[in-house]
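Residue numbers count from 1 along this sequence. Since the structure is predicted, the reported quantities are computational estimates derived from the model, not experimental observations.
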Amino acid sequence: MTVQKFGVFGYPISHSLSPAMHTAAFSALKMTDSVYGAYAVLPEELKDAVLKAQADGFRGLNLTIPHKEKILESGIIKPDPFAKKVGAVNTLLFKEEGIYGFNTDAAGALAALETAGADPAGKKILIIGAGGAARSISFLFGERGNTVRIINRTAEKAEKLAAEIAVKTGNRDVSGGGFSTGWENLAQADIIIQTTELGMGKYEDVSFFDQLELPAGKTKDEMIQTRLKSQAVAFDIVYNPRETKFLKDAKKAGAKTLNGVMMLVYQGALAFEIWTGQKPDVGVMAEAVLKGLERKE
Ligand code: ATR
């Protein structure tokens, strides 16, 4: 029996839930010869580490922070058209002919929304943040023809990202701005996707809404209540904690909410499919992620 090797490269990596998630998927499919490990790889070691994995017979890898963009600079992989456009790769497939790169983060977000009953087709999407995660997701919705508004603490970054997406996807309904436009954008949005680190770690008690200026005499809750569309969906890509302050605020105002657990699961499931050609059991993967999160708490 030859061992089929998979893994994730990142730095830091000890917190990664990917090994538990993929190991559970292999078990459920009785792929007992497949193993998935987490490897701490520094940015300056990335190219050599990927080449070594190739020499060692790895079949697939995930890349996480800080490697997703950097791998493209190495020149050793062939990105698919979407990963190339976005400029970020989170999945590598090793084949005889070379190393192929994919980006399953955005498709993971889309699958999470769809399976939660929030089909984004034709919907107006508001993206909070303009970092790496916002970039992949905004590109995908831009490409799908959605109206996409990106707002960020640093307005210029959102404007620049939106302009790039508009040019590269040909979608002129992609625009960017700052938090000063937050309340009016909220009133337009069908789906709001929170991609910043607000709600996590030292920002655990901060919500995106806390950063919006309040008109005189209005409370935050009143503003959310009056601005949020009645059918709005609030999606936070953060999965730890499972309910961020953003989701709590949105839920109070009646929004349907979704956290980042299923996005994590679907980006993994899509990578799994690229590597093995098999559809893993996402329920089993989600269970492994939730168990891992409980252990952390
Ligand atoms: P990621 O790859 O996870 O998206 P990133 O590329 O470092 O991370 O981007 C971080 C995002 O979180 C940015 O949109 C950042 O806003 P700025 O561009 O203004 O820095 C946002 N962010 C981080 N801390 C924030 C805070 N305290 N308030 C508002 N936005 C914040």
Side-chain angles (χ1 to χ4, degrees), residues 1-10 13 16-39 41 46 49-64 67-68 71-72 74 76-116 119 136-137 139-140 143-144 239 260-292:
M1 181 175 86
T2 47
V3 176
Q4 306 289 324
K5 287 184 272 192
F6 302 90
V8 57
F9 286 1
I13 197 65
S16 177
L17 293 163
S18 292
M21 181 166 81
H22 286 282
T23 302
F26 288 134
S27 280
L29 284 167
K30 307 230 168 0
M31 296 167 73
T32 49
D33 56 345
S34 296
V35 294
Y36 188 107
Y39 303 87
V41 174
L46 178 64
V50 170
L51 291 173
K52 181 162 189 313
Q54 183 182 35
D56 288 348
F58 269 70
R59 283 188 56 191
L61 280 177
N62 284 130
L63 300 178
T64 187
H67 302 316
K68 294 184 192 186
I71 190 65
L72 287 163
S74 74
I76 58 171
I77 65 152
K78 302 178 172 102
D80 84 339
F82 182 72
K84 192 172 176 186
K85 216 181 264 182
V86 173
V89 164
N90 77 326
T91 300
L92 297 180
L93 171 68
F94 295 94
K95 289 176 83 166
E96 288 280 305
E97 316 87 80
I99 310 171
Y100 292 83
F102 304 86
N103 181 318
T104 69
D105 286 326
L110 176 63
L113 279 166
E114 284 173 344
T115 48
D119 185 355
S136 302
I137 296 172
F139 253 103
L140 185 71
E143 223 175 47
R144 286 170 59 89
Y239 52 82
V261 169
M262 290 316 286
M263 172 177 167
L264 173 69
V265 168
Y266 278 110
Q267 65 74 32
L270 292 164
F272 190 102
E273 227 181 305
I274 288 170
W275 298 327
T276 67
Q278 301 216 53
K279 270 194 194 306
D281 182 334
V282 286
V284 161
M285 293 172 84
E287 221 172 278
V289 166
L290 293 173
K291 237 187 245 163

A.B. asks: Check side-chain hydrogen bond (donor to acceptor under 3.5 Å, both in side chains) between Ser136 and all other residues, then give those that pass, not counting sequence neighbours.
C.D. replies: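 With sequence neighbours excluded, Ser136 shows a side-chain hydrogen bond (donor to acceptor under 3.5 Å, both in side chains) to Asn103, given in chain and number order.
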A.B. asks: How long is the straight-line distance from CG of Leu46 back to CD1 of Ile71, given to the nearest 0.5 Å?
C.D. replies: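 Reported to 0.5 Å precision, the distance equals 4.0 Å.
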A.B. asks: What pairs meet the side-chain hydrogen bond (donor to acceptor under 3.5 Å, both in side chains) rule with one or both residues in residues 278-291, with sequence neighbours excluded?
C.D. replies: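 As it turns out, the side-chain hydrogen bond (donor to acceptor under 3.5 Å, both in side chains) pairs with a partner in residues 278-291, which skip direct neighbours, are Glu273-Lys279.
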A.B. asks: State the CZ-OG1 distance between Phe6 and Thr91, to the nearest 0.5 angstrom.
C.D. replies: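 Result: 12.0 Å between the selected atoms.
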A.B. asks: How long is the straight-line distance from NZ of Lys78 back to NZ of Lys84, given to the nearest 0.5 Å?
C.D. replies: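 Nearest 0.5 Å value for the NZ-NZ distance: 12.5 Å.
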A.B. asks: For Phe94 and Val50, work out which heavy atoms get closest and say how close.
C.D. replies: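 Nearest heavy atoms, Phe94 then Val50: CE2-O, 3.8 Å.
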A.B. asks: State which residues pass side-chain hydrogen bond (donor to acceptor under 3.5 Å, both in side chains) with Lys5; sequence neighbours excluded, sorted by chain then number.
C.D. replies: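 Not a single residue meets the side-chain hydrogen bond (donor to acceptor under 3.5 Å, both in side chains) criterion with Lys5.
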A.B. asks: Lys52: which residues meet the salt bridge (Lys or Arg N to Asp or Glu O under 4.0 Å) condition with it, sequence neighbours left out?
C.D. replies: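 Testing Lys52 for salt bridge (Lys or Arg N to Asp or Glu O under 4.0 Å), a comparison that skips the adjacent residues, returns Asp56.
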A.B. asks: Less than 4.5 Å apart, any side-chain heavy atom of Leu110 and any of Arg144?
C.D. replies: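 SC-SC contact between Leu110 and Arg144 confirmed.
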A.B. asks: Does His67 have any ring-ring contact (aromatic ring centres under 6.0 Å, His included) partners at least two apart in sequence or in another chain, and if so, which?
C.D. replies: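 For His67, no residue satisfies ring-ring contact (aromatic ring centres under 6.0 Å, His included) once neighbours in sequence are set aside.
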A.B. asks: Where is the tightest heavy-atom contact between Phe58 and Gly7, given as atom of each residue plus distance?
C.D. replies: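 Between these two residues, the closest heavy atoms are CE2-N, 4.2 Å.
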A.B. asks: For residues 261-271, which side-chain N or O atoms pair as donor and acceptor with protein atoms under 3.5 Å away, sequence neighbours left out?
C.D. replies:
residue	atom	partner	partner atom	Å
Gln267	OE1	Asn90	ND2	3.2
Gln267	NE2	Leu264	O	2.9

A.B. asks: Could I get the full list of side-chain hydrogen bond (donor to acceptor under 3.5 Å, both in side chains) partners for Arg59, not counting sequence neighbours?
C.D. replies: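 Partners of Arg59 under the side-chain hydrogen bond (donor to acceptor under 3.5 Å, both in side chains) test: Gln4.
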A.B. asks: In a table with atom names and distances, give each donor-acceptor pair under 3.5 Å that connects a side chain of residues 23-31 to protein atoms at least two apart or in another chain.
C.D. replies:
residue	atom	partner	partner atom	Å
Thr23	OG1	Pro19	O	2.6
Ser27	OG	Thr23	O	3.3

A.B. asks: Grab the two heavy atoms, one from Leu92 and one from Gly101, that are nearest each other, plus how far apart they are.
C.D. replies: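 Between these two residues, the closest heavy atoms are CD2-CA, 4.1 Å.
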A.B. asks: To the nearest 0.5 Å, what is the distance between CG on Asp80 and CD1 on Ile274?
C.D. replies: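 Separation between the atoms: 7.5 Å.
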A.B. asks: Determine the interplanar angle of the Tyr36 and Trp275 rings, folded into 0 to 90°, and report it as parallel if under 30°, tilted if 30 to 60°, perpendicular if over 60°.
C.D. replies: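 Taking Trp275 first and then Tyr36, their aromatic rings sit tilted (interplane angle of 30° to 60°).
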A.B. asks: Is there a donor-acceptor contact under 3.5 Å from the side chain of Lys85 to the main chain of Glu143?
C.D. replies: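 Checking the backbone N and O of Glu143 against the side chain of Lys85, no donor-acceptor pair under 3.5 Å is found.
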A.B. asks: Excluding sequence neighbours, so at least two apart, what forms side chain to side chain contact (heavy atoms under 4.5 Å, CB included) with Leu72?
C.D. replies: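 Scan of Leu72 (side chain to side chain contact (heavy atoms under 4.5 Å, CB included), adjacent residues dropped) gives Ile77, Pro79, Val89.
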A.B. asks: Nearest 0.5 Å, what's the CG-CG distance between Asp105 and Leu140?
C.D. replies: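 These two atoms lie 11.0 Å from each other.
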A.B. asks: How many angstroms lie between atom CD1 of Ile13 and atom OG1 of Thr64, to the nearest 0.5 angstrom?
C.D. replies: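 It comes to 6.0 Å.
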